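In what follows, a single structure is set out as structure tokens and then discussed.
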Amino acid sequence: MNFKEQSHILKTYKKFDIVLKRGEGVYLFDESDKKYLDFSSGIGVCALGYNHSQFNNAIKAQMDKLIHTSNLYFNETIARAAQNLAKASGLEAVFFSNSGTEAIEGAMKVARKYAFLKGKKGGTFIAFKHSFHGRTLGALSLTANENYQKPFKPLIKGVQFARLNDIKSVEKLIDKKTCAIVLESVQGEGGIKVADKKFYQDLRKLCDEKDLLLIADEIQCGMGRSGKFFAYECSEILPDIVVCAKALGCGLSVGAFVVNEKLANSSLEPGDHGSTYGGNPLVCAGVNAVFEIYENEKILERVSKLTPYLEKTLENMVKDFSFIKKRKGLGFMQGLSMKKSVKVAEFLKKCQENALLLLSCGKNDLRFLPPLIIEKEHIDEMNEKLRKSLKEF
Ligand SMILES: *Cc1c(COP(=O)(O)O)cnc(C)c1O
């Protein structure tokens with residue numbers, strides 16, 4: 001069989017001309033055993049890299065015990081995973097889903113239910129320009145990308161988009177119907193834009209004054225990528241709801257939203273929401289292994305320690321190549337904006353030729369989401385491969 005045969009796969013992705021076969025640490029191997037340095041982590045998912053033995057063994061062990069039970073019964077693995085996530089986020093109660101977009105849907109339902117119980121009509125949302133929250137209809141309604149939205153209208157009513165880091169643009173949009181403000185603590189897909197500390201704190205104040213919920217989408221920037229468990233910690237605020245996925249399961253399909261105590265007691269009730277698989281014992285064993293490994297291998301400390309070196313490496317690239325406009329980002333979530341003359345989509349293929357996997361984002365930006373286990377030498381290797389690709393392009 002030709003593995004590039006696409007006739008039975010719905011064409012929702014423009015795929016690269018690579019067939020991947022296995023992974024080891026921060027490297028991926030294709031059919032001919034070509035070894036790629038992966039600075040994309042399966043779009044920010046594989047924080048522990050590939051074939052991590054402790055992670056794999058935890059999943060294998062759980063597989064022989066119990067894979068699925070439905071959420072009608074208690075199970076120790078699930079209870080532990082929820083406890084781990086509540087503790088890491090500083091919030092109270094967890095709902096597990098199977099993906100990021102589903103977790104966003106759940107968070108939206110929490111916000112509407114909370115408003116409903118308060119007798120507030122409307123249940124409208126404020127999100128931000130250049131946001132990305134997912135592909136299902138609710139999450140898509142919060143995603144400020146006309147290309148993604150247009151063919152699927154009508155979307156849910158009452159979503160307005162403010163400008164990130166412009167508190168006045170948010171204030172202007174708030175009215176009696178507003179129930180929540182939703183933001184990525186660091187925008188990913190839309191082009192690596194960090195929510196400033198002052199802005200995030202002002203949002204928190206605004207939400208407290210007006211009894212609105214602050215929802216942090218940490219699907220991409222969370223789980224250690226910023227050097228903290230969640231990127232909102234860098235702004236010293238606590239959202240009312242945090243939404244998590246991607247690195248949470250390091251490759252297993254799991255997402256979650258976590259709510260504060262107020263919402264745990266006054267929003268969703270039995271019958272309001274559910275998922276047949278969501279957070280089954282298998283994926284929760286994986287989640288627990290992720291938390292254990294983060295602690296054993298001091299993942300957060302490692303990210304914090306290596307971030308200045310990664311940033312310096314990218315800054316030097318900006319200095320040396322006139323067609324790179326600037327560096328932006330937080331921790332191991334970094335971007336380089338390129339001038340129009342360099343088509344990033346094409347440039348990614350040049351990098352692949354030189355055995356480096358990167359991502360694009362925003363209008364014309366390169367995106368770096370390395371596994372969180374990288375060492376200094378991997379940054380040097382990335383630097384070499386990227387410079388070679390830039391020179392050849
Ligand atoms: C990836 C992503 C999502 C969607 O997650 P899926 O698991 O693909 O549904 C939502 N928000 C952000 C910020 C993301 O990066």
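Numbers for residues simply follow the sequence, beginning at 1. Both ligands and their constituent atoms are indexed starting at 1 by order of listing. It should be emphasised that the depicted structure is a prediction, and the values quoted were computed from it without experimental measurement.
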Task: G158 versus T124, closest heavy-atom pair with distance - done: O-CB, 3.0 Å
- [ ] Would you tell me whether H133 and E105 have side-chain atoms, one donor and one acceptor, within less than 3.5 Å of each other?
- [x] no
Task: NZ-CZ distance between K129 and R163, expressed to the nearest 0.5 angstrom - done: 6.5 Å
TODO: Answer yes if a protein heavy atom lies under 4.0 Å from atom 8 (O) of ligand 1, otherwise answer no.
DONE: no
Task: Proximity of H133 to ligand 1 by residue part, where a heavy atom lies under 4.0 Å - done: backbone
Open item on the list: Can you name the atoms of ligand 1, numbered from 1 with element, that are less than 4.0 Å from a heavy atom of E184?
Closed with: 13 (C)
Open item on the list: Let me confirm one number: the CZ-CG distance from F128 to L142, rounded to the nearest 0.5 Å.
Closed with: 11.5 Å
- [ ] Under 4.0 Å from a heavy atom of T101: give me the atoms of ligand 1 that qualify, with their elements.
- [x] 4 (C), 5 (O), 6 (P), 9 (O)
- [ ] Can you sort out which atoms of ligand 1 are near G100, meaning under 4.0 Å from one of its heavy atoms?
- [x] 5 (O), 6 (P), 7 (O), 9 (O)
Open item on the list: For D272, is there any backbone N or O sitting under 3.5 Å from a side-chain donor or acceptor partner on K109?
Closed with: yes
TODO: Step through the shown structure and confirm whether more than 12 heavy atoms of other residues, nucleotides or ligands are within 6.0 Å of CD on E261.
DONE: no
Open item on the list: Are any of the N/O atoms on F132, whether in the backbone or the side chain, positioned under 3.5 angstrom from an N/O atom of ligand 1?
Closed with: yes
- [ ] Run down the list K246, E189, E102 and name the one with the heavy atom closest to atom 14 (C) of ligand 1.
- [x] K246
Open item on the list: ring pair (Phe, Tyr, Trp, His ring centres under 6.0 Å) for Y277 and F96? Distances and angles first, verdict last.
Closed with: CA-CA 9 Å; Y277 297 127; F96 286 110; over 10 Å; no
Task: Side chain, backbone, both or neither: the part of D217 lying under 4.0 Å from ligand 1 by heavy atom - done: side chain
- [ ] Consider every N or O of G134 and every N or O of ligand 1, then say whether any pair is closer than 3.5 Å.
- [x] no
